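Only this structure's heavy atoms are used, side chains among them; waters, hydrogens and symmetry mates stay out. In this text the structure is predicted, and so the values were computed from the model without any measurement.
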Amino acid sequence: QAQLQESGPGVVKPSQTLSLTCTVSGDSITTTDWSWIRQAPGKGLEWMGAVNKVGIPFYSASLGGRLYITRNTSRNQFSLQLTSVTHLDTAVYFCARWYSESGTGGHDIWGKGTPVTVSS
């Protein structure tokens, strides 16, 4: 059974790059798409982007080209890099597995989330 765990720093300074890693166990990252999703204080869930089963990333346009998602198949991990962070990037960051069938889809397995605060 798939389990996902986020790791990375809890605090990042403004203008720097946030780097997070999601470690997947119980499933191979080559089987489906894997997403990064975040929730800022008082806001709803925001899908940020994903990497598909053959390693191609795709991103929400709302992030202004600041997001990079990569994967390491030998470690069964995928990672997020978010550049030029501001206080608006303060959020709980989740990684999640995408599931789709019969024309519908969603994220069926989630990590517990890791809080990130952008602060000087």
* Asked: Other hydrophobic cluster members with Ile56, side-chain heavy atoms of Ile/Leu/Val/Met/Phe/Trp/Tyr under 4.5 Å, chained?
  -> Val54
* Asked: Should the heavy atoms of other residues, nucleotides or ligands under 6.0 Å from CD of Gln3 be counted, would the total exceed 12?
  -> no
* Taking salt bridge (charged side-chain N to carboxylate O under 4.0 Å, His left out) as the test, write out the residues that go with Asp89, two or more places apart. => Arg38, Arg66
Using a 3.5 Å cut-off and no angle test, enumerate the donor-acceptor pairs between side-chain atoms of residues 108-120 and protein atoms at least two apart in sequence or in another chain.
from, atom 1, to, atom 2, distance (Å)
Asp108, OD1, Arg97, NE, 3.2
Asp108, OD2, Arg97, NH2, 2.9
Trp110, NE1, His107, O, 3.0

* To do: Provide the closest heavy-atom pair for Val24 versus Asn76 in the form atom of the first, atom of the second, distance.
  => O-ND2, 2.8 Å
* **By side-chain contact (heavy atoms from CB on, under 4.5 Å) - contacts of Ser60 (at least two apart)** => Trp47, Ser62
* Asked: Any sub-3.5 Å donor-acceptor pair from Tyr59's side-chain atoms to Ile69's backbone N or O?
  -> yes
* To do: For residues 52-87, pull every pair meeting disulfide bond (SG atoms under 2.5 Å apart), keeping only residues two or more places apart or in separate chains.
  => none
* Structure fact -> Nearest heavy-atom approach of Pro41 to Ala91 is CD-CA, 4.4 Å
* Structure fact -> Taken to the nearest 0.5 Å, the spacing of Trp36 CH2 from Leu82 CG works out to 11.0 Å
* Looking at Gln39 and Lys43, what are the two nearest heavy atoms and their distance? -> NE2-O, 3.0 Å
Identify each donor-acceptor pair in which a side-chain atom of residues 10-23 lies under 3.5 Å from a protein atom, sequence neighbours left out, and give them as a table.
from, atom 1, to, atom 2, distance (Å)
Thr21, OG1, Ser79, OG, 3.1
Thr23, OG1, Gln77, NE2, 3.0

* Begin with the C-alpha distance, continue with both residues' side-chain angles, and end with the deciding distance and a verdict on side chain to side chain contact (heavy atoms under 4.5 Å, CB included) for Asp33 and Phe58. => CA-CA 10 Å; Asp33 297 356; Phe58 48 105; 3.7 Å; yes
* Would you say the side-chain atoms of Glu6 pair up with the backbone N or O of Cys95, donor to acceptor, closer than 3.5 Å? -> yes
* same_hphob_cluster(Leu45, Tyr93) at 4.5 Å side-chain heavy-atom cutoff -> no
* Asked: Taking the six-membered ring for Trp, are Phe78 and Trp34 parallel (under 30°), tilted (30 to 60°) or perpendicular (over 60°)?
  -> tilted
* Would you give the length of the straight line joining atom OG1 of Thr30 to atom NZ of Lys53, rounded to the nearest 0.5 angstrom? => 9.0 Å
* Check: Thr32 side chain, Ile29 main-chain N or O, donor-acceptor pair, under 3.5 Å -> no
